[in-house]
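Reminder, nothing fancy here: chain letters follow the sequence lines and each chain counts from 1. Keep in mind it's a predicted model, so treat the numbers as computed, not measured.
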Amino acid sequence: MVEIRLTNSRTRKKEPFAPIDAADLRVYACGPTVYDRAHLGNARPVVVFDVLFRLLRQVYGEDAVTYVRNFTDVDDKINARAAETGRPIRDITEETIGWYHDDMDALGALRPTHEPRATDYIAQMIAMIEELIEKGFAYEADGHVLFEVRKFPDYGQLSGRSLDDMIAGARVEVAPYKRDPMDFVLWKPSEGDLPGWNSPWGRGRPGWHIECSAMSAELLGDVFDIHAGGIDLQFPHHENEIAQSRCAHGTRVMANTWLHNEMVQVEGKKMSKSLGNFFTVRDLLDQGIPGEVIRFVLLMTHYRKPMDWTAEKAAEAEATLRKWRALTDGVEADTPSPAVIAALADDLNTAGAIAALHDLARAGDAAGLKASAQMIGLLGDGMGGWLAEGPDLTPLAVRFAALREAAKASKDFSAVDAMKQQLLAAGIEVRMSAAGVELIPGPGFDAVAVEAMS
RNA sequence: GGUGGGUUGGCGGAGAGGUUACGCACCGGAUUGCAAAUCCGUGAAGACCGGUUCGAUUCCGGUACCCACCUCCA
């Protein structure tokens, strides 16, 4: 059995991964709040933890891994979107979930085992909040239910901060009904046409963090193996999840291993909605950047480091994939290379795995390359469609070959060179050898120009 | 102010206390009508200052700079 080592945010150490039950691994990743298209930053954890999912399935068996990623479909951002567009909330969340599936599928991410929606777990959330009140960790005030952070001595452990430090530099809005400024909302009242559910505290809706606690407990149990998400969720979201779950269930941990991916950057700055420098996965796909290329770029950088999205990286990834696709075309995948699995088992070192893939390519091991690349979701049979696009270049190739033959006899290559320039300008790679002529669409392929030449 | 992370060759980007990362680009060679592609090969690094060590880019401490979190965000 391959030993998997993961950097655990909870212990701040890279440590061997030991499942609670090797026949029933349980993994939870925080999914999107569904009110808009997923941007590239949303895609990074999806792809990174998809690699984790694939690795765990490879090592422990396909049926041994349960992977849950939620949809948060109740949230004030969604309410705001509904208010500004006049559309029903359900329409917005349904449409966004459909987009999310389309876009993440395009990136080659496997669907998780379960994709629960928060609104299907309101009853579990209410039960959990009742439990917290009963045990003295939460209190009702002014129509709200709040978690009392002072009752949980480990609060701040995950993110390495103390309550007093946080309050010293606090920028939190202090509501008068809070016993402590850091107390956070479990339930809040809904007035008017805001979405609401009946509860012991009146008609209301859940706070931000409780849905993950309720859904993970329901689907994975009170304590599970891995909880994953973006580093920006470490505080307060994950800290609050831990507080809720551990206090409600009386457990020592919520999840044994916590994984956090670093942010996506653009021009060295975090991609974020507030900075307005974000772009969606769909934007990239619409620009003609294939999902497989986006995936490759995301995996070029280790998940615990910031990743800068650049056009150069996309071009490099595309060139590599073209090469590998050509090498493995029609080849039956063999078994994944131990070097690739070893790299992935070492804290999901996808950059190291890609290096190992280059080694396989250089060695000409097409079957091994294909199987190993598929370990990280590349070179899959369903993802190569982007290479097949474009018109048939055979007529042009025949014409070009004829010109070349004539030139060889006359020693006048000017007509050949002129046509070659045209082909190159249209983004076609021109390969001439003693054996003949090959025309291959390249990165800057211009179908319109080709049409004009035909 | 508090907390966490980072700084590697022209660029991207890993591992390892001592032996070539890897990719792209560059340069040289093979090949080619010229190229492209391909193959072979060379060169190039570890922010700064100390410490530990026979030996550190790798461990420890400090400095500088960068990024993130503390407010919705993956």
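Proximity note for A:W208 (side chain, C-beta onward) versus B:C73, B:G2, B:C34: the nearest is B:C73. Among the nucleotides B:A35, B:A14, B:G15, the one closest to any side-chain atom of A:T301 is B:A14. Side chain of A:H358, nearest nucleotide from B:C67, B:G33, B:C22: B:C22. The side chain of A:V416 sits closest to B:G33 out of B:G12, B:G33, B:C73. Of the candidates B:G15, B:G23, B:A35, B:A35 carries the atom nearest the A:V430 side chain, counting heavy atoms from C-beta on. In the set B:A74, B:C73, B:G13, B:G13 carries the atom at the smallest distance from any side-chain atom of A:K313. Taking every side-chain heavy atom of A:A355 into account, B:A21 is the closest of B:C73, B:G33, B:A21. Across B:C34, B:G13, B:A36, the shortest atom-to-atom separation from the side chain of A:E429 is found for B:A36. Ranking B:A74, B:G15, B:A36 by closeness to the A:D232 side chain, first place goes to B:A74. Across B:A68, B:G33, B:G12, the shortest atom-to-atom separation from the side chain of A:K408 is found for B:G33.
Judged purely by distance below 3.5 Å, without hydrogens or angles, the side chains of A:D347 and A:Y303 pair a donor atom with an acceptor atom.
Among the atoms of the strands shown, base atoms are found under 4.0 Å from some heavy atom of A:R161. Counting any heavy atom pair closer than 4.0 Å across all strands shown, A:V264 reaches a base atom. Residue A:K411 is out of contact with every strand shown, counting any heavy-atom pair closer than 4.0 Å. At a threshold of 4.0 angstrom between heavy atoms, the contacts of A:M263 include nucleobase atoms, whether or not backbone atoms are also involved. A:H39 comes within 4.0 angstrom of a base, heavy atoms only. Using a 4.0 Å heavy-atom distance criterion, A:E316 is classed as a base contact. A:E312 comes within 4.0 angstrom of nothing in the nucleic acid, heavy atoms only. Counting any heavy atom pair closer than 4.0 Å across all strands shown, A:G41 reaches a base atom.
Per the geometry, CD1 belonging to A:I78 stands 11 Å off P belonging to B:C73, to the nearest Å. Straight-line distance from the NZ atom of A:K14 to the P atom of B:G5: 15 Å, rounded to whole Å. Between the CZ atom of A:F296 and the C1' atom of B:G23 there is a distance of 8 Å, rounded to whole Å. Across the protein-nucleic acid pair, A:L233 atom CG and B:U3 atom P stand 22 Å apart, rounded to whole Å. In this structure, A:F235 places its CZ atom 12 Å from P of B:C73, rounding to the nearest Å. In this structure, CD of A:Q265 is placed 6 Å from C1' of B:C67, rounded to the nearest angstrom.
Between A:H227 and A:W258, the two ring planes are parallel [angle under 30°; tilted spans 30° to 60°]. Ring geometry, A:H238 versus A:H260: the interplanar angle falls from 30° to 60°, so the pair is classed tilted.
For B:A45, there is no paired base (Watson-Crick or G-U wobble, both distances below 3.5 Å). Across all strands shown, B:U7 pairs with B:A64; the Watson-Crick or G-U wobble distances both stay below 3.5 Å. For B:A21, there is no paired nucleotide, since no Watson-Crick or G-U wobble pair has both relevant distances below 3.5 Å.
Between B:A25 and B:G13, the two C1' atoms lie 14 Å apart (nearest whole Å). Distance check on atom C1': B:A74 versus B:C59 gives 33 Å, rounded to whole Å. Taking the P atom of each, B:A45 and B:U3 are spaced 37 Å apart, rounded to whole Å. Rounded to whole Å, the separation between the C1' atoms of B:U20 and B:A14 comes to 14 Å. Remark: the separation of the C1' atoms in B:G62 and B:U7 is 16 Å, to the nearest Å. Distance noted for atom C1' between B:C26 and B:A44: 10 Å (whole Å). B:U8 and B:A47 are spaced 7 Å apart, taking the P atom of each and rounding to whole Å. Using atom C1' as the reference point in both B:G6 and B:G43, the two lie 29 Å apart (nearest Å).
A:E211 and A:R205 are not joined by a salt bridge, as no carboxylate oxygen comes within less than 4.0 angstrom of a charged side-chain nitrogen. A salt bridge is defined here as a Lys NZ or Arg NE, NH1 or NH2 lying under 4.0 Å from an Asp or Glu carboxylate O, and A:R304 with A:E262 fails to meet this definition.
Other residues, nucleotides and ligands contribute at most 12 non-hydrogen atoms within 6.0 Å of the CG atom of A:D193.
Between the side chain of A:R37 and the main chain of A:T280, no donor-acceptor pair closer than 3.5 Å is present.
Distances shorter than 4.0 Å separate some side-chain N or O of A:R362 from OP1 or OP2 on B:G23. The phosphate of B:U7 (OP1 or OP2) has a side-chain N or O of A:K305 nearer than 4.0 angstrom. Considering only side-chain N and O atoms, A:K323 lies under 4.0 angstrom from the phosphate OP1 or OP2 of B:C24.
Relative to the ring axis of A:F235, A:R161 places its NZ or CZ within 45° and under 6.0 Å from the centre.
No hydrogens or angles were tested; on distance alone, a donor-acceptor pair under 3.5 Å links the side chain of A:K420 to the base of B:C34. If you check distances only, the side chain of A:D417 does reach the base of B:G33 with a donor-acceptor pair under 3.5 Å.
Residues A:R12 and A:N349 both approach RNA chain B. Their nearest nucleotides, taken by heavy-atom distance, put A:R12 toward the 5′ side.
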